[in-house]
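Below is one structure, written out as structure tokens, with a few remarks after it.
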Amino acid sequence: MSRIGKQPIAIPNGVEVKLEGTLLKFKKGNLAKELDTKANVNVEIKEGQILFSPKGDDRQSRAYWGTYRALANNIVVGLTEGFSKTLEINGVGYKAALKGKVLELSLGFSHPINYEIPAGIEIAVDKNNVIVKGSDKQVVGQVAAQIREFRPPEPYKGKGVKYADERIIRKAGKTSKK
């Protein structure tokens, strides 16, 4: 039994949910998202809640049961609250600046790195923090990972781009013999 799949999703005010065959459509204002549940799970909308159940007792249906419930919940949370990831930039001379729809990063290379901000994503820069916000959890995580990939933190001094809640395990440097 899926512990996640059994939990109903409460539909908040302002979010419209429609079930058309196997397609779940979510809408809030001008934002719209779709989730195709294929033929693996049953979906019901009752009394302001979305309920999921497996179609059969096979392993595939039970695996998709919790997955589709989690995906639908992420869409609802994204439409109402949104998702965000915070990145920290550590290092002498390392900085970030926002220029229109381009994030300019100075990360110790001979040239600045210009990152085009994708549609549906907002980026804010506050001193040495870069905050990535959006309504799609997967896209927010992917953008944060791409920015971190430009200069991942190194284990000796901790210089680079890291997640705010990431902990870097430091290594001891070289020691001289006496």
Side-chain angles (χ1 to χ4, degrees), residues 1-89 96 98 101 103 115-126 129-153 160-169:
M1 293 291 284
S2 172
R3 293 180 185 185
I4 301 294
K6 284 192 281 186
Q7 299 172 358
I9 300 171
I11 301 170
N13 293 335
V15 177
E16 298 174 29
V17 181
K18 292 180 185 172
L19 181 62
E20 296 175 4
T22 61
L23 195 67
L24 259 175
K25 292 188 177 186
F26 299 87
K27 188 174 181 184
K28 180 180 180 182
N30 58 357
L31 284 175
K33 304 267 183 187
E34 293 182 354
L35 178 65
D36 189 4
T37 59
K38 303 196 177 36
N40 299 312
V41 292
N42 294 320
V43 183
E44 295 179 61
I45 300 172
K46 286 184 180 176
E47 302 165 5
Q49 293 183 333
I50 307 169
L51 303 167
F52 289 87
S53 61
K55 266 247 165 81
D57 201 28
D58 60 321
R59 186 180 181 122
Q60 192 83 18
S61 294
R62 286 183 287 123
Y64 280 120
W65 179 22
T67 302
Y68 281 120
R69 190 264 177 210
L71 291 172
N73 189 53
N74 285 343
I75 290 173
V76 170
V77 171
L79 289 175
T80 55
E81 302 165 24
F83 294 99
S84 70
K85 288 236 182 219
T86 304
L87 299 162
E88 285 181 6
I89 299 174
L98 210 55
K101 292 293 283 175
L103 177 67
Y115 180 74
E116 288 277 334
I117 301 170
I121 295 293
E122 296 174 24
I123 293 184
V125 177
D126 179 41
N129 291 335
V130 176
I131 302 158
V132 182
K133 296 179 185 176
S135 64
D136 192 340
K137 187 174 187 176
Q138 190 269 329
V139 175
V140 168
Q142 183 67 38
V143 168
Q146 287 172 346
I147 293 171
R148 182 185 182 275
E149 197 174 279
F150 291 128
R151 179 72 91 172
V161 180
K162 69 178 190 85
Y163 295 112
D165 56 352
E166 182 178 9
R167 198 167 150 255
I168 302 166
I169 298 171

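Taking Val41 as the reference, Thr37, Val43, Phe52, Tyr64, Trp65, Tyr68 meet the side chain to side chain contact (heavy atoms under 4.5 Å, CB included) condition, with sequence neighbours excluded. Residues forming a side-chain hydrogen bond (donor to acceptor under 3.5 Å, both in side chains) with Gln7 (at least two apart in sequence, or on another chain): none. Legend: residues meeting salt bridge (Lys or Arg N to Asp or Glu O under 4.0 Å) with Lys27, ordered by chain and number and at least two apart, are absent. In this structure, the side-chain hydrogen bond (donor to acceptor under 3.5 Å, both in side chains) partners of Lys25, at least two apart in sequence or on a different chain, are Glu20. Every side chain to side chain contact (heavy atoms under 4.5 Å, CB included) that Lys133 has, sequence neighbours left out, goes to Ser84, Glu122, Ile131. Qualifying side chain to side chain contact (heavy atoms under 4.5 Å, CB included) partners for Val76, counting only residues two or more places apart in sequence or in other chains: Ile9, Pro12, Phe26. Taking the side chain to side chain contact (heavy atoms under 4.5 Å, CB included) definition, one finds that Asp58 meets it with Gln60, Ser61, sequence neighbours left out. Evaluation of the salt bridge (Lys or Arg N to Asp or Glu O under 4.0 Å) rule for Arg148 yields Glu166 as partners, not counting sequence neighbours. Residues meeting the salt bridge (Lys or Arg N to Asp or Glu O under 4.0 Å) test with Glu16, sequence neighbours left out: none.
Counting heavy-atom neighbours within 6.0 Å of Lys18 NZ, excluding the residue itself, gives a total of 12 or less.
Applying the salt bridge (Lys or Arg N to Asp or Glu O under 4.0 Å) test to every pair with at least one member in residues 63-88, sequence neighbours left out, gives these pairs: Glu88-Lys162. Residue pairs meeting the side chain to side chain donor-acceptor pair (under 3.5 Å) criterion with at least one partner in residues 40-53, sequence neighbours excluded, are Glu44-Lys46.
Formation of a donor-acceptor pair under 3.5 Å by the Arg62 side chain with backbone atoms of Asp57 is found in this model.
Taking 4.5 Å as the limit, some side-chain heavy atom of Leu103 sits within range of a side-chain heavy atom of Val125.
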